[in-house]
*Asks:* 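Once you've had a glance at the structure underneath, I'll fire off some questions.
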Amino acid sequence: MPENFFTVVEIPQQKVYNGVFFPAVLSSDPTRLTSDVSVLTEAIKLHKPWLDSLLHRSGAVLFRGFPLTTASDFNNVVEAFGYEELPYIGGAAPRSKVVGRVFTTNESPPDQKISFHHEMAQVSVYPSKLFFFCEVEPASGGETPIVLSHIIYEKMNEKYPEFVEKLEEHGLIYTRVLGEEDDNSSSVGRGWKSTFLTQDKSVAEERAAKLGVKLEWMEDVVKTIMGPIPAIKLEKTRQRKIWFNSMVGAYIGWKDPRNNTVKTVTFGDGSPLPAHTVYDCLKILDEESVAIPWQKGDILLVDNLAVLHSRRPFNLPRRILASLCK
């Protein structure tokens, strides 16, 4: 039984929906704890079906109290799960590769809050799962709040049925202007060369097209137009509708010298989003979210088709790493 290695624990920040804890939290039996990471990776391989079912049931799983200290340890854990890697093509955040399948998370300044979003929901190719790893515990703040997407859909549909109906009918259009190089002062400052992993404009256009993204070149910058793309999806394995979009994140957070937030996202027919509804959605996201303070060695596994995530401002030091899976 998996319980022989993994211990299901409870922590104060969890929420409970229909008897299911969100997120699930796993620790190790202290009698089996060892500094050898391979013991953990072998346990993951052995108990993979159980871990998959736990993730499907809860939407996110926090691994806490395991002997993980380095990016390489984290990479070994990601590899043990056996999920296929998803290259970070088309995402907005400035990131750097660390080792293997591991990247930094958004490298924007620590005083910037990153609003709730499903990873890469603004393009047609997005990860199904995300891993986060706490290599350096924040001095303060810096949580990665998570929230169940179907709960947000239900609450928004109950409060704003006409708005949700229009979203379902028209979807959203996202527009973002990219510089040539990365701008780490912006949470959406990834330049077009690293966004499309090329220095060649024609290759960038080819890769953008595969993601359903149109490019309009303007001197030193390029405007990317994504959509209309669905904002609400039916998550087939659970048979429930999810709030699969980056509406709040784009409307509130895609702001820098190149981008005006209100223009970054509209309904799929081009009409503007009502500001009060977007800001109330942010309030609902905050109310329903779970924010667990990071501890060194934590790994958070997130089902990107069940959960939105964000980032709170923080005081340095803090180093959270990530890996994306198909």
Side-chain angles (χ1 to χ4, degrees), residues 1-35 37 39-69 73-74 77-78 80-81 105 116 129-152 154-155 235 237-238 240 242 284-312 314 318 320-322:
M1 289 291 290
E3 289 80 356
N4 291 342
F5 184 85
F6 296 106
T7 303
V8 178
V9 297
E10 295 177 18
I11 58 175
Q13 296 86 0
Q14 285 169 298
K15 289 185 182 287
V16 182
Y17 294 98
N18 299 319
V20 178
F21 282 87
F22 173 71
V25 182
L26 297 181
S27 193
S28 176
D29 179 342
T31 63
R32 300 173 67 94
L33 201 57
T34 166
S35 60
V37 177
V39 174
L40 172 59
T41 57
E42 288 307 311
I44 288 167
K45 292 173 186 175
L46 184 62
H47 302 305
K48 174 79 164 22
W50 180 77
L51 292 167
D52 281 341
S53 68
L54 184 63
L55 178 64
H56 190 265
R57 189 162 67 251
S58 294
V61 181
L62 175 67
F63 296 82
R64 171 163 284 178
F66 295 94
L68 305 166
T69 57
D73 291 342
F74 174 44
V77 169
V78 173
F81 274 89
T105 49
F116 284 99
K129 298 172 186 69
L130 323 169
F131 287 90
F132 296 101
F133 170 63
C134 180
E135 186 180 35
V136 178
E137 198 172 304
S140 65
E143 298 93 342
T144 302
I146 53 176
V147 63
L148 284 166
S149 192
H150 73 285
I151 299 292
I152 304 307
E154 288 168 7
K155 291 193 172 289
E235 204 286 290
T237 67
R238 298 176 182 90
R240 63 192 187 196
I242 55 172
I284 292 168
L285 285 159
D286 281 332
E287 286 170 351
E288 293 297 327
S289 70
V290 171
I292 300 169
W294 284 109
Q295 293 182 12
K296 182 173 173 58
D298 282 352
I299 286 182
L300 180 64
L301 170 56
V302 173
D303 183 334
N304 194 40
L305 285 165
V307 171
L308 301 99
H309 68 279
S310 66
R311 185 195 80 183
R312 288 184 177 172
F314 58 92
R318 175 190 188 265
I320 308 298
L321 305 178

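A quick note: this is a predicted structure, and the numbers were derived from the prediction, not measured.
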*Asks:* Please list, one pair per line, the donor and acceptor atoms closer than 3.5 Å that link side chains of residues 132-142 to other protein atoms, with sequence neighbours excluded.
*Replies:*
unit_1 : atom_1 : unit_2 : atom_2 : d
Glu135 : OE1    : Arg319 : NE     : 2.5
Glu137 : OE1    : Lys296 : N      : 3.0
Ser140 : OG     : Asn315 : ND2    : 2.7

*Asks:* Got Leu300 and Ile146 here, is their nearest side-chain heavy-atom distance under 4.5 Å?
*Replies:* yes
*Asks:* To the nearest 0.5 angstrom, please state how far the CZ atom of Arg240 sits from the CG atom of Leu305.
*Replies:*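 Result: 10.5 Å between the selected atoms.
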*Asks:* Give a yes or no on this: more than 12 heavy atoms of other residues, nucleotides or ligands lie within 6.0 Å of atom NZ of Lys48.
*Replies:*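 Buried by this count: over 12 neighbours within 6.0 Å.
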*Asks:* Could you grab the distance from atom CD1 of Ile242 to atom CD1 of Ile152, nearest 0.5 Å is fine?
*Replies:* 12.0 Å
*Asks:* Quick check: closest heavy atoms across Ala80 and Lys45, and the distance to 0.1 Å?
*Replies:*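 For Ala80 versus Lys45, the nearest heavy atoms are O-CG, 3.5 Å.
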*Asks:* Do the side chains of Leu148 and Val307 get nearer than 4.5 Å, heavy atoms only?
*Replies:*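 They are in side-chain contact.
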*Asks:* Do Lys155 and Glu288 make a side-chain contact, defined as non-hydrogen atoms from C-beta onward lying under 4.5 Å apart?
*Replies:* yes
*Asks:* If every non-hydrogen atom of Asp298 is compared with every non-hydrogen atom of Arg64, which pair is closest and at what distance?
*Replies:*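 Distance-wise, the nearest heavy atoms are OD2-NH2, 2.6 Å.
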*Asks:* Which heavy atom of Pro67 sits nearest a heavy atom of Val37, and at what distance?
*Replies:*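 Taking Pro67 first and Val37 second, the nearest heavy atoms are O-CG2, 3.4 Å.
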*Asks:* Name the one of Ile299, Thr41, Leu40, Leu68 that satisfies side-chain contact (heavy atoms from CB on, under 4.5 Å) with Asp73?
*Replies:* Leu68
*Asks:* To check you understand the geometry: which heavy-atom pair defines the closest contact between Phe5 and Ala43, and what is its length?
*Replies:* CD2-CB, 3.5 Å
*Asks:* Over 60° means perpendicular and under 30° means parallel, so classify the ring planes of Phe81 and Phe63, tilted if in between.
*Replies:*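 Answer is perpendicular, since the angle exceeds 60°.
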*Asks:* Looking at every heavy atom in both Pro293 and Gln13, which two are closest together, and how far apart are they?
*Replies:* CD-NE2, 3.5 Å
*Asks:* Using the side chain to side chain contact (heavy atoms under 4.5 Å, CB included) rule, take Leu26 and Thr7 through it: C-alpha gap first, then chi angles, then the decisive distance, then the call.
*Replies:* CA-CA 5 Å; Leu26 297 181; Thr7 303; over 6 Å; no
*Asks:* So do the side chains of His56 and Thr237 get within less than 4.5 Å of each other, counting heavy atoms only?
*Replies:*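 Yes, their side chains come closer than 4.5 Å.
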*Asks:* Taking C-beta and beyond as the side chain, do Leu301 and Leu51 meet within less than 4.5 Å on heavy atoms?
*Replies:*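 Heavy-atom side-chain distance check fails, nothing below 4.5 Å.
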*Asks:* Keeping Ser58 on the side-chain end and Phe21 on the backbone end, is there a donor-acceptor pair under 3.5 Å?
*Replies:*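 Yes, Ser58 side chain to Phe21 backbone: donor-acceptor pair under 3.5 Å.
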*Asks:* About how many Å separate OG of Ser310 and CD of Glu143, when rounded to the nearest 0.5 Å?
*Replies:*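 With rounding to 0.5 Å, CD (Glu143) is 9.5 Å from OG (Ser310).
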*Asks:* Among His309, Arg311, Arg318, whose side-chain contact (heavy atoms from CB on, under 4.5 Å) with Thr105 holds?
*Replies:* Arg318
*Asks:* Measure across Gln14 and Pro23 and return the closest heavy-atom pair with its distance rounded to 0.1 Å.
*Replies:* NE2-O, 2.7 Å
*Asks:* How would you list, by chain and number, every residue that makes a ring pair (Phe, Tyr, Trp, His ring centres under 6.0 Å) with Phe22, sequence neighbours excluded?
*Replies:* none
*Asks:* For Asp303 and Arg238, run side chain to side chain contact (heavy atoms under 4.5 Å, CB included): C-alpha distance rounded to whole Å, both residues' side-chain angles, the deciding distance at 0.1 Å, then the answer.
*Replies:* CA-CA 12 Å; Asp303 183 334; Arg238 298 176 182 90; 2.7 Å; yes
*Asks:* Would you indicate whether the side-chain heavy atoms of Leu62 and Ile11 approach each other to under 4.5 Å?
*Replies:* yes
*Asks:* Using 30° and 60° as the class boundaries, would you call the ring planes of His47 and Phe6 parallel, tilted or perpendicular?
*Replies:* perpendicular
